[in-house]
Q: 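This is the structure I have questions about; it appears just below.
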Amino acid sequence: MLKCLRFLKVHTPREWLQNMMKTVAVIPAAGSGIRMGGERSKQFLDLNGRPVLAVTLSHFQKCARIDAIILVVPPKDIDYCRIEIIERYTFNKVEKIVPGGKTRQDSVRLGIESIDEDYGLVLIHDGVRPLIDARFLQRVIDTAKIHQAVITGLSARETVKEVNNDFEVVKTCDRDRVWMIQTPQVFRYKDILKAHQKAYKEGWDEATDDSFLIERLGIPVKVIEGSETNIKVTTPYDLKLAGFILDQT
Ligand code: C5P
């Protein structure tokens with residue numbers, strides 16, 4: 001009996017909180033990057049001497065709040081990522097490299113479904129947003145201590161209008177209430193797994209934003225101010241801009 005009790009570990013409130021805050025980053029980087037125009041996917045293009053994805057990963061490697069990383073990449077690029085990115089730059093927090101799916105939503109779901117350890121929080125960040133920094137990652141994770149779901153974004157500077165298929169204005173939005181949403185986004189592991197699996201079962205697979213799936217569960221989502229420099233590298237212009245910003249920091 002005593003022997004059995006030894007295995008029943010009782011957690012102090014502090015240990016419980018630490019477990020709850022254990023954070024795994026899921027980084028979807030399995031896109032083909034058609035908009036960039038070239039042969040190579042944008043996450044592997046050169047950004048001031050390193051692949052875009054290596055620059056992104058370097059911030060996660062550095063951030064003490066990130067316990068592990070799950071990287072989702074195109075199936076054909078798994079070996080390249082392992083040898084030329086993870087081993088080359090010693091990203092030893094990368095726990096798994098998972099083959100991605102047809103859409104971003106599929107890739108994120110596959111990443112989340114591959115989590116088999118006890119992580120309380122999942123932070124999702126696009127592999128093609130290399131200008132994030134470790135301190136900001138820490139701030140977003142700390143906010144998730146207070147709020148169940150936390151996303152980052154920028155309040156709209158321009159007037160935003162909704163248009164129909166003929167590009168006629170349907171609605172002018174109240175600018176003070178419109179935000180352009182970015183990643184990182186942080187969720188409770190159980191919530192985001194449930195949100196993705198529900199969407200998958202219901203045949204949804206085109207959500208470009210994970211928090212939308214969380215909203216569908218009725219969970220409140222808190223928005224915090226992101227960063228103007230946290231651009232998504234999508235076009236050749238973005239790559240040049242990212243290189244310029246990186247040079248200044
Ligand atoms: O599609 P979008 O440009 O918004 O891509 C955002 C992120 O999602 C990128 O890092 C991209 O590599 C990733 N993605 C993915 N699997 C896909 C499509 C996009 O992991 N099938």
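Ligands are counted one by one from 1 in listed order, and the atoms in each one are counted from 1 as well.
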Q: Considering non-hydrogen atoms only, spot the tightest contact between W179 and S155 and give its length.
A: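 Shortest heavy-atom contact: CE3-N, 3.6 Å.
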Q: Is the positively charged end of R40 above the ring of Y80, judged by distance under 6.0 angstrom from the centroid and angle within 45° of the axis?
A: yes
Q: Between I181 and R129, which heavy-atom pair has the shortest distance, and what is it?
A: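 Heavy-atom minimum between the residues: O-NH2, 4.2 Å.
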Q: Can you figure out which of G127, P28, G100 has its heavy atom closest to atom 13 (C) of ligand 1?
A: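 The residue whose heavy atom sits nearest atom 13 (C) of ligand 1 is P28.
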Q: Is there a donor-acceptor pair under 3.5 Å between the side chain of Q61 and the backbone N or O of K93?
A: yes
Q: Which bit of A30 is near ligand 1, meaning a heavy atom under 4.0 Å away: side chain, backbone, both or neither?
A: both
Q: Are more than 12 heavy atoms from other residues, nucleotides or ligands located less than 6.0 Å from atom NZ of K96?
A: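 Atom NZ in K96 is packed in, count exceeds 12.
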Q: Provide the number and element of each atom of ligand 1 under 4.0 Å from a heavy atom of V128.
A: 9 (C), 10 (O)
Q: Taking the minimum heavy-atom distance to atom 2 (P) of ligand 1, which of Q43, K102, Q105, K232 ranks first?
A: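 Ranked by closest heavy atom to atom 2 (P) of ligand 1, first place is K232.
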Q: Which of the numbered atoms in ligand 1 are below 4.0 angstrom from a heavy atom of S107?
A: 15 (C), 16 (N), 17 (C), 20 (O), 21 (N)
Q: Counting C-beta onward and ignoring hydrogens, is there a side-chain heavy-atom pair between R188 and L121 closer than 4.5 Å?
A: yes
Q: For atom 21 (N) of ligand 1, which of A29, G111, G101 has the closest heavy atom?
A: G101
Q: List every atom of ligand 1 that sits less than 4.0 Å from any heavy atom of K42, numbering the atoms from 1 in the order shown and giving each element.
A: 3 (O)
Q: Quick one: look at T103 and ligand 1, take heavy-atom pairs under 4.0 Å, and tell me if it's side chain, backbone, both or neither.
A: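 Backbone only; the side chain of T103 stays clear of ligand 1.
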Q: Using non-hydrogen atoms of the residue, decide whether V72 is closer than 4.0 angstrom to ligand 1.
A: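 In this structure, V72 fails to qualify as a contact of ligand 1 - no heavy atom is under 4.0 Å.
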Q: Which bit of R129 gets closer than 4.0 Å to ligand 1, counting heavy atoms only: side chain, backbone, both or neither?
A: neither
Q: Can you find a heavy atom in the side chain of V73 that is under 4.5 Å from one in the side chain of R82?
A: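 A side-chain contact is absent here, since even the closest heavy-atom pair is not under 4.5 Å.
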